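Working notes, beginning with the structure itself.
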Amino acid sequence: AKQLMSGANGHLSSEQRWISSVAVCRGSDLAVSGAGDGFIRLWGIQPSKAGGAGSLRQIGALPQRGFVNGLAIAKSAQFVLAAVGTEPRMGRWGRDSSARNGLALHRLGQKESEDA
């Protein structure tokens with residue numbers, strides 16, 4: 001398997017770590033962010049004492065090859081849909097030739113079925 005493009009020291013370039021997409025789930029404390037670093041990160045929104053959003057706390061990460069150029073969260077908060085590409089949406093400064101252009105659907109934590 002081919003690795004993501006990296007700098008001379010074997011680490012991801014700063015461009016690959018740039019957040020290129022963000023989505024929030026209405027009525028919840030869940031947010032997601034995507035970049036070209038191999039992950040979609042899940043965030044818990046912590047309210048401030050004065051009201052509104054105060055801070056973010058990373059609560060998980062989903063593996064995702066390629067540049068995450070768009071994100072959406074289902075109203076149920078059970079799925080994340082990612083638009084993924086071999087290059088960043090707004091430029092050609094990076095390329096992950098092992099990625100494929102398309103959509104990726106990730107299932108988040110499953111709830112216990114009421115039918116069980």
Side-chain angles (χ1 to χ4, degrees):
K2 188 171 183 173
Q3 295 294 319
L4 286 172
M5 177 183 68
S6 60
N9 59 4
H11 298 286
L12 292 173
S13 67
S14 63
E15 292 86 1
Q16 287 175 293
R17 286 182 250 165
W18 289 348
I19 294 174
S20 55
S21 186
V22 174
V24 295
C25 185
R26 272 190 209 198
S28 79
D29 63 352
L30 177 64
V32 294
S33 66
D37 64 352
F39 294 97
I40 296 169
R41 288 183 167 67
L42 307 170
W43 302 92
I45 302 169
Q46 305 295 312
S48 75
K49 291 184 168 119
S55 64
L56 297 175
R57 177 178 55 89
Q58 186 173 337
I59 57 174
L62 305 168
Q64 182 59 63
R65 176 157 306 278
F67 289 88
V68 179
N69 293 317
L71 287 167
I73 304 173
K75 288 180 184 178
S76 66
Q78 291 185 5
F79 298 96
V80 172
L81 183 64
V84 181
T86 58
E87 297 176 334
R89 177 177 61 106
M90 300 298 282
R92 292 193 155 181
W93 53 80
R95 181 164 179 76
D96 182 352
S97 58
S98 64
R100 300 187 73 183
N101 294 330
L103 296 174
L105 182 64
H106 292 272
R107 180 182 293 265
L108 299 179
Q110 295 180 349
K111 293 182 179 179
E112 297 263 339
S113 173
E114 293 179 16
D115 300 338

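Worth knowing before you read on, the calculation uses all heavy atoms, side chains too, and leaves out hydrogens, waters and symmetry mates. What you see is a predicted model, and the numbers here were worked out from it, not measured in a lab.
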Are side-chain heavy atoms of [X] and [Y] found at a separation under 4.5 Å?
| X | Y | answer |
| --- | --- | --- |
| L62 | V32 | no |
| V24 | L30 | no |
| T86 | D96 | no |

Taking all heavy atoms of [X] and all of [Y], pick out the closest pair and write down the distance.
| X | Y | value |
| --- | --- | --- |
| A61 | F39 | CB-CD2, 3.9 Å |
| N69 | V84 | ND2-C, 4.4 Å |
| G85 | A99 | O-CB, 4.2 Å |
| S20 | A35 | OG-CA, 3.7 Å |
| C25 | A74 | SG-O, 3.7 Å |

Those residues that, when tested against S21, pass side chain to side chain donor-acceptor pair (under 3.5 Å) (two or more places apart) | none

What's the spacing between L108 CG and S76 OG if we round to 0.5 Å?
-> 8.5 Å

Does F79 sit in a hydrophobic cluster with other residues, and if so which ones, taking ILVMFWY side chains as linked at heavy-atom separations under 4.5 Å, directly or through other members?
-> L81, L103, L105

Residue that, paired with V68, satisfies side-chain contact (heavy atoms from CB on, under 4.5 Å) out of I40, V80, V22 = I40

Any pair with a residue in residues 45-64 that passes side-chain hydrogen bond (donor to acceptor under 3.5 Å, both in side chains), sequence neighbours left out, goes on the list, sorted by first then second residue, please.
-> Q64-H106

Any side-chain hydrogen bond (donor to acceptor under 3.5 Å, both in side chains) pairs touching residues 24-34, not counting sequence neighbours?
-> S33-W43

